[in-house]
There are 2 protein chains.
Amino acid sequence: MYKILIADDEEKIRAIIKKYAEFEGHKVTEAKDGMEAVLICRNEEFDIIILDIMMPELDGFSACREIRKMTDTPVLMLSARGEEYDKIHGFELGVDDYVVKPFSPKELMLRIDAIIRRSSSKEDEAGTYSYDNLHINFKARVVHIDNAQVNLSPKEYELLFYMVKNRGIALSREMIINNVWGYDYYGDERTLDTHIKLLRKNLGDYAKLITTLRGMGYRFEAE
Amino acid sequence: MYKILIADDEEKIRAIIKKYAEFEGHKVTEAKDGMEAVLICRNEEFDIIILDIMMPELDGFSACREIRKMTDTPVLMLSARGEEYDKIHGFELGVDDYVVKPFSPKELMLRIDAIIRRSSSKEDEAGTYSYDNLHINFKARVVHIDNAQVNLSPKEYELLFYMVKNRGIALSREMIINNVWGYDYYGDERTLDTHIKLLRKNLGDYAKLITTLRGMGYRFEAE
DNA sequence: AGGACATATACACAATTTATTCATAAAATT
DNA sequence: AATTTTATGAATAAATTGTGTATATGTCCT
């Protein structure tokens, strides 16, 4: 669970991020402008601070400058398309990453994970997963079974990645769809079945690692 | 934890790098020009030395030349855009990598990791890469296939260079563009495809070493 | 400055792969 | 046995990448 502070004057944007982040079990605090964000930061520690650039009262850069005087908490900036030059400006202020609006919440969450992982440097990621002769190399983004490379489509790989990352945990259909497809997925629910099928097919004997939890979702077995 | 020496006359640049590196648990020593860097190197060992090219007292090249007389510590150069020739010049001096200003600290850290990983494993001590009859000499910036020199355009070489230095790792389109074109590139995304195409053509049979990761990017195969 | 050349980029469209939908079969639950 | 849920196969839609060509852009030379 991460503590996230999100500062944006658009309520809608805050709501989207909040909803999505809470789904992943994070705690979200909202600020409606830069000034409010700075004030909140005086009394509370966060794992990451998300700042929109264009805000009333105090813009994202100024807020970032103020926050930097107090803490080293990683900062992620939200910029509208066309604010390109700001990117350069921002890195000098100690901005950790940028996401251009409109963004995919899924990608935003991935970036948040990456930033926090990097800055806390606790986790130094082995970068691989193995079970018998099934080997996944996350860095190379490659899967081997019995020393042969397995060709997975992007969706199959992402699905596997998400499940392996959360192995041993019961994953509801909704969670899987939210994390692999994004919370704004409005397609057929049965699509997940199809991808599970394709993934199982590609995993051959190791398909047994994916357990169906009827009425619930799936679980990738740990050990 | 790595010991990093950063020499740049701009205090701001040093501060950015220092902040990010310390975030990742590294120890950073600062030098405000090339002369100071050389003096510090006489008394202290580092895992990597970062040198700006344009510095008062002693520029990056001269400093590198001096440092090379004492130690084999990997050197990363910071060059301003437009100092293209300088890159070539730099490699003759035994520069391990270069990053064009302005850079994204995130990418710089990734490169530092890559360089240190490589040099500590003594992998390509000679500054070359070979696979069958494909030979790349990083110092000379030259590529040979079957004993014949291959003519690569600057962009093609840089693309190959970046991919080979990060071989075995899935490189997203974004990462490649950030590192080869710079993070402030806003041209057509498909330009990368074109350069991959040209590079593959020039690599002939060895084009197979560049794997397309659909929906993701590319990977230069290790081994 | 102008021309020849190499290089970089843009872009259209073909080739290919992947994602999705949907109908039906199979399995589990009641 | 009826109902609910999941698995599967096949058809279709959608997305991504490869490639050829055209157009800039830049560099070197005279």
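Chain letters run A, B, ... following the sequence lines, proteins first, then strands; residues in each count from 1.
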### Message
I'd like to know whether CG of A:Asp205 has more than 12 heavy-atom contacts from other residues, nucleotides or ligands below 6.0 angstrom.
### Response
no

### Task
Could you say whether B:Leu152 or B:Gly187 is positioned toward the 5' end of DNA chain C, judged by the nucleotide with the nearest heavy atom to each?
B:Leu152

### Task
Under the side chain to side chain contact (heavy atoms under 4.5 Å, CB included) rule, collect the residues that match up with B:Met216, sequence neighbours excluded.
A:Arg141, B:Ala170, B:Ser172, B:Leu213

### Query
Which residues satisfy the ring-ring contact (aromatic ring centres under 6.0 Å, His included) test with A:Phe46, sequence neighbours excluded?
none

### Query
Among all residues two or more places apart in sequence or in another chain, which pass the ring-ring contact (aromatic ring centres under 6.0 Å, His included) test with A:Phe23?
none

### Query
Could you give the distance from CG (A:Asn151) to OH (A:Tyr157), rounded to the nearest 0.5 Å?
13.0 Å

### Query
Which residues pass the ring-ring contact (aromatic ring centres under 6.0 Å, His included) test with B:Tyr218, sequence neighbours left out?
none

### Message
For A:Gln149, is the CD atom crowded, meaning more than 12 foreign heavy atoms sit under 6.0 Å from it?
### Response
yes

### Message
Within the 4.0 Å heavy-atom criterion, would you say B:Tyr185 contacts the bases, only the backbone, or no part of the nucleic acid?
### Response
sugar-phosphate

### Query
Among residues 188-200 of chain A, which contact DNA chain D at a heavy-atom distance under 4.0 Å?
A:Arg190, A:Asp193, A:Thr194, A:Lys197, A:Arg200

Identify each atom pair where a protein N or O and an N or O of nucleotides 22-25 of chain D are less than 3.5 Å apart, giving names and distance.
none

### Message
So, using side-chain hydrogen bond (donor to acceptor under 3.5 Å, both in side chains) as the criterion, who are the partners of A:Glu10 when residues are at least two apart?
### Response
A:Lys101

### Summary
At a 4.0 Å cut-off to heavy atoms of chain B, the contacted part of DNA chain C spans C:dT7 to C:dT18

### Message
One thing to verify: whether B:Arg173 and B:Asp193 come together as a salt bridge, which I'm taking to mean a side-chain N less than 4.0 angstrom from a carboxylate O.
### Response
yes

### Task
List in chain and number order the residues that pass side chain to side chain contact (heavy atoms under 4.5 Å, CB included) with A:Tyr162, two or more places apart in sequence or in another chain; answer none if no residue qualifies.
A:Asn166, A:Leu171, A:Met175, A:Ile176, A:Asn179, A:Val180

### Atom pair CD (B:Glu221) and CE (B:Met163), whose distance is rounded to the nearest 0.5 Å
9.0 Å

### Task
Could you verify whether a donor N or O on one side chain and an acceptor N or O on the other, from B:Arg68 and B:Thr73, lie under 3.5 Å apart?
no

### Task
Start with the C-alpha distance between B:Arg111 and B:Asp97, add both sets of side-chain angles, then the distance that settles salt bridge (Lys or Arg N to Asp or Glu O under 4.0 Å), and finish with yes or no.
CA-CA 8 Å; B:Arg111 289 218 181 184; B:Asp97 202 353; 2.9 Å; yes

### Query
How far does the helix from C:dA1-D:dT30 to C:dT30-D:dA1 bend, going by the axes of its first and last five pairs, to the nearest 10°?
40°

### Task
Mind checking ring-ring contact (aromatic ring centres under 6.0 Å, His included) for B:His135 and listing every partner two or more places apart, or none if nothing turns up?
none

### Task
Assess the side chains of A:Asp59 and A:Ser62: does a donor N or O sit below 3.5 Å from an acceptor N or O?
yes

### Query
Which of residues 203-216 of chain B sit near DNA chain C, with a heavy atom under 4.0 Å from it?
B:Arg214

